[in-house]
Amino acid sequence: MTRSLSGRLGIGVGVVCLLLWSLGPIYWSIATSFTRPADLVSQTPHFFPPSITFEHYANLLGGTSSYQGAATQSVWPQFSRALINSLVTTLAATAITVLLAAFGGYAFVRLRFPGRDVIFVLVVATLAIPAYTVMIPLYRLMIALRLVDTYLGVTLIYVSAFLPLALWLMRSVYQSLPVSLEEAAWLDGAGRVYTLVRIVLPLAAPGLIASAILTFLSAWGQFMIPLVFSPTLQTKPLTVLIPEFVTKNYVDYGLMNAAGMLAIVPPLLVVLFLNRYLVQGLMAGSGK
């Protein structure tokens, strides 16, 4: 009985510590986003906002705020542009990556061609290459192709970074599907492309959704790549814009945390509504 109670107590303490470690920074950001600028710079730390204010969110969404008695301009033009940039590059990279993984993963499983396994291993092995080791040659390549500070350039880099993982996932999904269904369709006169689109892909939907979720989350949270390849507001995403709220004279903690809270809404919605598909897709290739 004593061991059982001590074991449960230990598990409870571990769960509480894990929740504080994971949710503590999120709570602090939420509290900071609703705290007045004067309270943020006070000597006494506040774990709860002394008085709730929405001026940071108003500043982001078109209103004006004040800091130390001086009015500050709204950052809505920059914030809205960066939000659009994040959505465009992330959605484009997700769509292209899932499309290529859907057809490429099928080719690595069902088609026979020389060096198939070697090519797949080489593609997946690129996951082990640190991004900073290829940053300089990639930047020179983007300059030569005039793709720096363009949606196409950033999207292509995202696709090259996240496609190997999606290919590996879709290959595992296709390997778990019985080939007898495709053979039956071929006997009825269906072509390989028709069989893939109308029969195989619907069965592999959990894997496709899982690939889309992983790609979306990875692309949305990117910082180093857009920091280098999106130097202007034309393609700059939220992850690069938010740290720029640190000005020469002061740090606008409330504005940064309010922007961060709004920036996590899209990935949060994706995880909340598609979480079960992510689990199904990751487990799809676990057995046959």
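The analysis underlying the following values was restricted to heavy atoms, covering all of them including side chains, and did not include hydrogens, waters or symmetry mates.
Between Trp220 and Leu87 the shortest side-chain heavy-atom distance falls below 4.5 Å. The side-chain heavy atoms of Val270 and Ile213, taken from C-beta on, include a pair separated by under 4.5 Å. Contact check for Thr232 versus Lys236: no side-chain heavy atoms found under the 4.5 Å cut-off. At a threshold of 4.5 Å between non-hydrogen side-chain atoms, the residues Thr97 and Ser211 do not count as touching. Side-chain atoms of Tyr158 and Thr89, non-hydrogen and from C-beta on, do get closer than 4.5 Å to each other. The shortest side-chain heavy-atom distance between Leu217 and Val271 falls under the 4.5 Å cut-off. Side chains of Arg36 and Pro49 form no contact here, defined as non-hydrogen atoms less than 4.5 Å apart. Met224 has its side chain within reach of Met135: a pair of non-hydrogen atoms, C-beta onward, lies under 4.5 Å apart.
Ser172 places a side-chain N or O within donor-acceptor distance of the main-chain N or O of Trp168, the cut-off being under 3.5 Å. Ser80 places a side-chain N or O within 3.5 Å of a backbone atom of Pro77 that can act as its donor or acceptor partner. Within the 3.5 Å criterion, the main-chain N or O of Pro130 finds a donor-acceptor partner in the side chain of Thr133. A donor-acceptor contact shorter than 3.5 Å links the side chain of Asn257 to the backbone of Tyr253.
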Side chain to side chain contact (heavy atoms under 4.5 Å, CB included) between Leu203 and Leu181, intermediate numbers included: CA-CA 11 Å; Leu203 296 175; Leu181 296 176; 3.5 Å; yes
Test log, rule side-chain hydrogen bond (donor to acceptor under 3.5 Å, both in side chains), inputs Thr235 and Asp149: CA-CA 6 Å; Thr235 58; Asp149 202 22; 2.5 Å; yes
From CA spacing to verdict: side chain to side chain contact (heavy atoms under 4.5 Å, CB included), Ile119, Phe113: CA-CA 10 Å; Ile119 295 175; Phe113 52 90; 4.2 Å; yes
Leu83/Leu238 under side chain to side chain contact (heavy atoms under 4.5 Å, CB included): CA gap, chis, key distance, verdict: CA-CA 6 Å; Leu83 177 60; Leu238 288 174; 3.7 Å; yes
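Classified by interplanar angle (parallel below 30°, tilted 30° to 60°, perpendicular above 60°), the ring pair Phe47/Trp28 is perpendicular.
Arg192 is linked by a side-chain contact (heavy atoms from CB on, under 4.5 Å) to Tyr106, Arg110, Leu111, Trp186, counting only residues two or more places apart in sequence or in another chain. The side-chain contact (heavy atoms from CB on, under 4.5 Å) search around Ala258 returns Ser33, His56, Tyr57, Leu60, not counting sequence neighbours. The side-chain contact (heavy atoms from CB on, under 4.5 Å) test applied to Leu99 returns Phe103, not counting sequence neighbours. Checked against ring-ring contact (aromatic ring centres under 6.0 Å, His included), Trp76 has no partners two or more places apart in sequence or in another chain.
Across every non-hydrogen atom of Gly207 and Leu169, the tightest pair is O-CD2, 3.9 Å. Across every non-hydrogen atom of Pro25 and Ser22, the tightest pair is CD-O, 3.8 Å. Summarising the geometry of Thr90 relative to Ser86, their closest heavy-atom pair is OG1-O, 2.6 Å, with the distance given to 0.1 Å. Minimum interatomic distance between Gly105 and Tyr174 (heavy atoms only, all atoms of both residues): C-CD1, 3.4 Å. Between Gly260 and Ile242, the closest heavy-atom pair is N-CD1, 3.9 Å. Residue Ala93 comes nearest to Thr155 through the heavy atom pair N-CG2, 3.7 Å, listed as atom of the first residue, atom of the second, then distance.
Val134 and Val228 fall into different hydrophobic clusters, where Ile, Leu, Val, Met, Phe, Trp and Tyr are joined by side-chain heavy atoms under 4.5 Å apart, directly or via other members. Leu9 and Leu19 fall into different hydrophobic clusters, where Ile, Leu, Val, Met, Phe, Trp and Tyr residues are linked whenever their side-chain heavy atoms come under 4.5 Å apart, directly or through other members. Val240 and Val148 end up in different hydrophobic clusters when Ile, Leu, Val, Met, Phe, Trp and Tyr side chains are linked at under 4.5 Å. Under the 4.5 Å side-chain heavy-atom criterion for Ile, Leu, Val, Met, Phe, Trp and Tyr, Ile225 and Leu165 are members of distinct hydrophobic clusters. Tracing side-chain contacts under 4.5 Å through hydrophobic residues (I, L, V, M, F, W, Y), one never reaches Val121 starting from Leu167; they form parts of separate clusters.
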Return all side-chain donor-acceptor pairs below 3.5 angstrom for residues 262-269, not counting sequence neighbours, or 'none' if the list is empty.
none

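Annotation: ring-ring contact (aromatic ring centres under 6.0 Å, His included) contacts involving residues 122-145, sequence neighbours excluded, comprise Tyr139-Phe229.
Within a 6.0 Å sphere centred on OH of Tyr27, other residues, nucleotides and ligands contribute more than 12 heavy atoms. Heavy atoms from other residues, nucleotides or ligands lying under 6.0 Å from CD1 of Ile52 number more than 12.
For the atom pair CD1 of Ile157 and CG of Leu141, the computed distance is 8.5 Å after rounding to the nearest 0.5 Å. In this structure, the separation between OG on Ser160 and CG on Leu100 is 11.0 Å, given to the nearest 0.5 Å. Between atom CG of residue Asn85 and atom OG1 of residue Thr239 there is a gap of 10.0 Å, rounded to the nearest 0.5 Å. Atoms CZ and CG, on Phe54 and Leu61 in that order, are 12.0 Å from each other to the nearest 0.5 Å. Between the CD1 atom of Ile30 and the CG atom of Leu23 there is a distance of 9.0 Å, given to the nearest 0.5 Å. Taken to the nearest 0.5 Å, the OG1 atom of Thr150 stands 8.0 Å off from the CG atom of Leu156.
With Phe108 as the aromatic partner, Arg116 does not meet the cation-pi criteria of under 6.0 angstrom to the ring centre and within 45 degrees of the ring axis.
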